[in-house]
Amino acid sequence: MQTIYKTLQQQVQTAFPILFNESIGLHQITLNETVKDFEGDITLVVFPLLKLSKKKPEETAELIGNWLVENNPSIEKFNIIKGFLNLSFKNSFWIKTLIKTIDIPKKSDKILVEYSSPNTNKPIHLGHVRNNVLGYALSGIYKANHYTVNKVNLINDRGIHICKSMLAWQKFSNGETPESSGIKGDKLVGKYYVLFNEYYKAEISTLIEQGKSEEEAEKYAPILLEAQEMLRKWEQNDAEVVALWKMMNNWVYAGFELTYKRLGVDFDKYYYESNTYLLGKDAVEEGLKNGVFYKREDNSVWIDLTADGLDEKLVLRGDGTSVYITQDIGTADLKYSDFQMNKSIYVVGNEQDYHFKVLKLIMQKLGRVYADGIHHFSYGMVDLPSGKMKSREGTVVDADDLMDEMIQTAKEQTEALGKIETFSEEEKQQLFEIIGFGALKFFLLRVDPKKRILFDPKESIDLQGYTATFVQYTYTRTRSVLRKIENENIGTWQSSINLSETEKELLIKIYNYSIQLEISCNEMNPAKWIDYIYELAKAYNKFYNDCPILNIEDGNVRNFRIALTQKTGTLIKQALEIVGIQVPERM
RNA sequence: GGUCGCGUAGCUCAGGGGAUAGAGCAACUGCCUUCUAAGCAGUUGGUCGCACGUUCGAAUCGUGCCGCGAUCACCA
């Protein structure tokens with residue numbers, strides 16, 4: 001079954017030549033949900049049609065309205081206000097939505113989503129959480145729209161910044177390990193990264209006092225030189241350095257796994273930059289041959305993107321070593337050989353907008369078949385009232401700490417309501433996690449991805465109103481109703497029943513499920529989906545408040561309302577699962 | 001300075017050519033002897049940053065300006 005919007009569009013298109021002797025394109029036909037305060041369910045805006053109909057708005061609307069009523073048995077009547085043709089559908093049409101579902105067709109496109117992509121020198125903070133939650137949700141939305149989706153994580157596990165924490169550990173740790181200290185692996189490594197920078201800064205100050213310029217001091221601070229030396233050794237596969245690197249990275253991975261598990265995110269494949277950082281040099285060679293790149297006197301390789309409104313960009317250093325984009329060129333090829341994706345999505349912060357413009361252009365110029373499918377899913381930073389979070393300066397909201405706080409908030413507010421006395425300790429703990437993590441994810445997803453989020457650590461994330469808690473609570477309400485009739489056999493209902501406004505609104509929300517799911521996918525916007533979920537829950541709460549479900553005489557209506565309850569509950573659960581939010585059975 | 005993004009209620013955000021600009025929070029008022037009140041209903045709250053333009057119609061599109069942010073590394 002296709003959506004009523006599509007059907008109406010096609011019908012208007014069919015009717016147009018008959019009524020006005022002109023043909024019309026589907027895109028010219030705008031249909032909206034009728035706004036509140038007006039009678040009707042769906043509205044056709046006739047203004048854009050006037051040029052072709054060559055008639056007054058009211059007359060045009062009248063003719064189309066009459067034609068539709070005659071040709072579409074689902075339409076009951078219409079009214080015209082100015083240039084708006086408001087169509088009212090028969091109750092039976094909406095009631096059918098409880099049984100019939102709109103098919104979401106299977107897509108042949110393969111989607112590859114890269115997200116998370118952490119550095120192994122610092123623990124996961126709230127900004128990374130946004131990345132993870134967005135990446136997971138976006139993947140879920142594609143999956144729900146029946147695309148083939150693969151999720152990958154490209155781990156930045158090598159480079160000068162990794163050597164910094166390695167060096168600091170070597171110098172200052174006295175052999176401290178996660179086991180000996182009881183500190184989570186990624187936190188421990190992060191601690192030494194911060195330590196390095198403190199020491200580095202101190203050295204810079206000393207050097208400046210000794211009369212060096214700031215630039216010189218930054219460049220020649222002994223500890224930095226030592227880190228660079230360590231990186232050289234790593235690249236030469238020095239046994240000791242590699243062993244240290246492996247040991248510390250394994251600590252980090254163990255720590256990350258715990259956090260990923262709590263966040264509920266997962267990946268089909270992990271890429272490690274230590275394996276991919278040499279890739280891309282062949283592609284650079286290839287680009288040199290066919291004139292995409294050019295060489296400068298010092299042997300460095302460049303691409304001139306000034307014709308595309310960008311700059312000249314280095315793609316390989318004079319000494320033949322890679323820069324960031326070199327690896328990304330190679331990794332892009334690697335991804336394609338692994339997955340043959342039609343669309344390659346990079347969930348990466350908007351600070352890298354420029355970089356991804358460059359990457360896409362390069363791949364296009366290199367003639368890669370997948371280049372047009374490269375898409376940078378650019379999202380805004382999570383900022384604090386004090387400004388940007390900076391790992392190096394330790395001004396970050398740590399992911400694990402935040403999750404603990406969320407559980408604590410959920411616990412306090414849940415216990416204050418006093419509804420869970422009969423729960424076991426385990427059930428309670430589980431509930432607090434579902435509520436706390438749900439609230440956090442919802443908070444991050446409800447904002448348009450491309451906009452930045454302000455997070456004030458002093459204010460706890462809300463559990464009232466436009467929140468996951470609200471939606472979860474709505475779900476438990478449906479469960480609570482259905483639990484009461486577990487042992488009953490529920491009969492059917494007649495589609496001729498009278499519908500209240502509230503019931504109809506809920507039915508329309510239910511009907512919109514797959515429409516909204518598709519829109520959220522096409523616009524790549526999980527926030528749209530979150531908004532729909534909230535509206536669905538809101539509509540059920542109003543229904544729950546206005547309409548008795550079980551306590552009514554009329555068995556027909558009772559069965560219908562039970563079915564509404566079942567359907568809403570199922571959809572809420574599904575809808576939240578798509579974006580990685582769980583529901584409790586009671587709360 | 002160049003490029004990109006953002007600016008809507010006291011706060012956090014929807015709406016991105018179509019009707020009288022919507023939610024949540026905060027404040028205030030009602031609704032639990034009836035299916036879970038983490039709920040429902042209502043009141044208060046707006047120069048949609050400013051100006052000009054395009055259009056039957058602009059918060060939405062264009063241009064200019066103002067404010068905030070990011071980016072313009074042989075860092076990643």
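Letters go in sequence order (proteins before strands), and every chain restarts at 1. Remember, it's a predicted structure, so these values are computed and weren't measured experimentally.
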State the dot-bracket string of RNA chain B. Criteria: Watson-Crick or G-U wobble, both atom distances under 3.5 angstrom; notation: ( ) intrastrand, [ ] crossing earlier pairs, | interstrand, . unpaired. (((((((..((((....[...)))).(((((.......))))).....(((((..]....))))))))))))....
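Note on A:F38: a base of the nucleic acid sits closer than 4.0 angstrom, heavy atoms only. Note on A:Q352: a base of the nucleic acid sits closer than 4.0 angstrom, heavy atoms only. A:P57 comes within contact range of no nucleotide atom at all, as no heavy-atom separation falls under 4.0 Å. Nucleic acid contact for A:D456: none, since no nucleic acid atom lies under 4.0 Å from a heavy atom of the residue. A:T467 comes within 4.0 angstrom of nothing in the nucleic acid, heavy atoms only. Counting non-hydrogen atoms under 4.0 angstrom, A:M381 reaches nothing in the nucleic acid. Residue A:L50 is classed as having no contact, given no heavy-atom separation below 4.0 Å to the nucleic acid. The residue A:F84 sits close to a base: some heavy atom pair falls under 4.0 Å. Among the protein residues, A:V45 comes within range of the nucleic acid bases, having at least one heavy atom under 4.0 Å from a base atom. Using a 4.0 Å heavy-atom criterion, one finds that A:F470 contacts the sugar-phosphate atoms exclusively.
Here the side chain of A:S300 is nearest to one of B:G39, B:C35, B:C74, namely B:C74. The side chain of A:K484 lies closest to B:C35 when the candidates are B:G18, B:U12, B:C35. Distance from the side chain of A:Y534 is smallest for B:A23 among the nucleotides B:A14, B:G39, B:A23. Considering only side-chain atoms of A:E273, the nucleotide from B:A76, B:C72, B:A37 that sits closest is B:A76. When distances are taken from the side chain of A:R586 to each of B:C6, B:G39, B:U36, the shortest belongs to B:U36. For A:Q464, whose side chain is taken as the heavy atoms from C-beta onward, the closest listed nucleotide among B:G39, B:U36, B:A76 is B:G39. Minimum atom distance to the side chain of A:N86 is reached by B:A19, of the listed B:C25, B:A19, B:A37.
In terms of heavy-atom proximity, A:S500 sits nearest to A:C547 at OG-SG, 4.0 Å. Between A:G65 and A:F78 the shortest heavy-atom distance is C-CE2, 3.3 Å.
Following rounding to the nearest Å, A:I530 (CD1) and B:A23 (C1') show an atom-to-atom distance of 15 Å. Atom-to-atom, CG of A:N32 to P of B:U60 comes out at 18 Å; the value is rounded to the nearest Å. Between the CD atom of A:E351 and the C1' atom of B:C6 there is a distance of 16 Å, rounded to whole Å. In this structure, CG of A:D353 is placed 17 Å from P of B:G69, rounded to the nearest angstrom. At whole-Å resolution of the value, CG in A:N551 and P in B:C32 are 17 Å apart. A:E501 places its CD atom 18 Å from the P atom of B:C40, with the value rounded to the nearest Å. Look at CG on A:D308: it is 14 Å from P on B:C4, rounded to the nearest Å. As a whole-Å value, the separation of A:D311 CG from B:C72 P is 10 Å.
The cationic atom of A:R296 (NZ for Lys, CZ for Arg) lies less than 6.0 Å from the six-membered ring centre of A:W302 and within 45° of the ring axis. Cation-pi contact between A:K509 and A:F543: absent, since separation from the ring centre below 6.0 Å together with deviation from the ring axis within 45° is not met.
The distance between the ring centers of A:Y540 and A:Y475 does not fall below 6.0 angstrom.
The aromatic ring of A:F47 sits over the base of B:G18, with ring centres less than 5.5 Å apart and planes tilted by under 30°.
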Please lay out, stage by stage, how A:E415 and A:K411 fare under the test salt bridge (charged side-chain N to carboxylate O under 4.0 Å, His left out). CA-CA 6 Å; A:E415 284 176 343; A:K411 180 180 155 90; 3.6 Å; yes
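Taking atom P on both nucleotides, B:G22 is separated from B:G16 by 14 Å, rounded to a whole Å. Separating the C1' atom of B:G46 from that of B:C40 is a span of 26 Å, rounded to the nearest Å. Taking atom P on both nucleotides, B:C13 is separated from B:C6 by 14 Å, rounded to a whole Å. The separation of B:U33 from B:A37, taken at their C1' atoms, amounts to 15 Å, rounded to a whole angstrom. For the C1' atom pair drawn from B:U60 and B:G15, the interatomic distance equals 9 Å after rounding to whole Å. Comparing the P positions of B:A9 and B:G5 gives an interatomic distance of 22 Å, to the nearest angstrom. Here the separation of B:G24 from B:A41, taken at their P atoms, is 8 Å to the nearest Å. Taking atom C1' in both B:C74 and B:A70, one finds a spacing of 22 Å when rounded to whole Å.
Distances shown here put every side-chain N or O of A:R479 at or beyond 4.0 Å from the OP1 or OP2 atom of B:U36. The side chain of A:R317 contributes an N or O atom lying less than 4.0 Å from OP1 or OP2 of B:C75. Within the 4.0 Å cut-off from OP1 or OP2 of B:A14, at least one side-chain nitrogen or oxygen of A:K451 is found. Side-chain N/O atoms of A:K51 include none lying less than 4.0 angstrom from OP1 or OP2 on B:C56. Taking side-chain N and O atoms only, A:K542 has a distance below 4.0 Å to OP1 or OP2 of B:A41. Phosphate proximity of B:G15 to A:K528: present, with a side-chain N or O under 4.0 Å from OP1 or OP2.
Toward the 5' end of RNA chain B, the nearer of the two residues A:F543 and A:T43, judged by each one's closest nucleotide, is A:T43. Each of A:I81 and A:R446 was matched to the nucleotide of RNA chain B holding its nearest heavy atom; the match closer to the 5' end belongs to A:R446.
No hydrogens or angles considered: a donor-acceptor pair under 3.5 Å links the side chains of A:S116 and A:N132.
Note on ring orientation: taking the six-membered ring where Trp is involved, the planes of A:Y534 and A:Y466 are tilted (angle from 30° to 60°). The aromatic rings of A:W234 and A:Y277 are tilted relative to each other, their planes meeting at an angle between 30° and 60°.
Base orientation of B:C11: anti (glycosidic angle beyond 90° from 0).
Between the base of B:A41 and the side chain of A:N541 there is no donor-acceptor pair shorter than 3.5 Å. For A:D298 and B:C74, a side-chain-to-base donor-acceptor distance below 3.5 Å is present, hydrogens and geometry of angles not being considered.
Using a cut-off of 4.0 Å between Lys/Arg side-chain N and Asp/Glu carboxylate O, A:E427 and A:R586 are scored as not salt-bridged. A salt bridge links A:K528 with A:E523: the distance from a Lys NZ or Arg NE/NH1/NH2 to an Asp or Glu carboxylate oxygen falls below 4.0 Å.
Applying the 6.0 Å contact sphere to CD of A:E214 captures no more than 12 heavy atoms from other residues, nucleotides or ligands.
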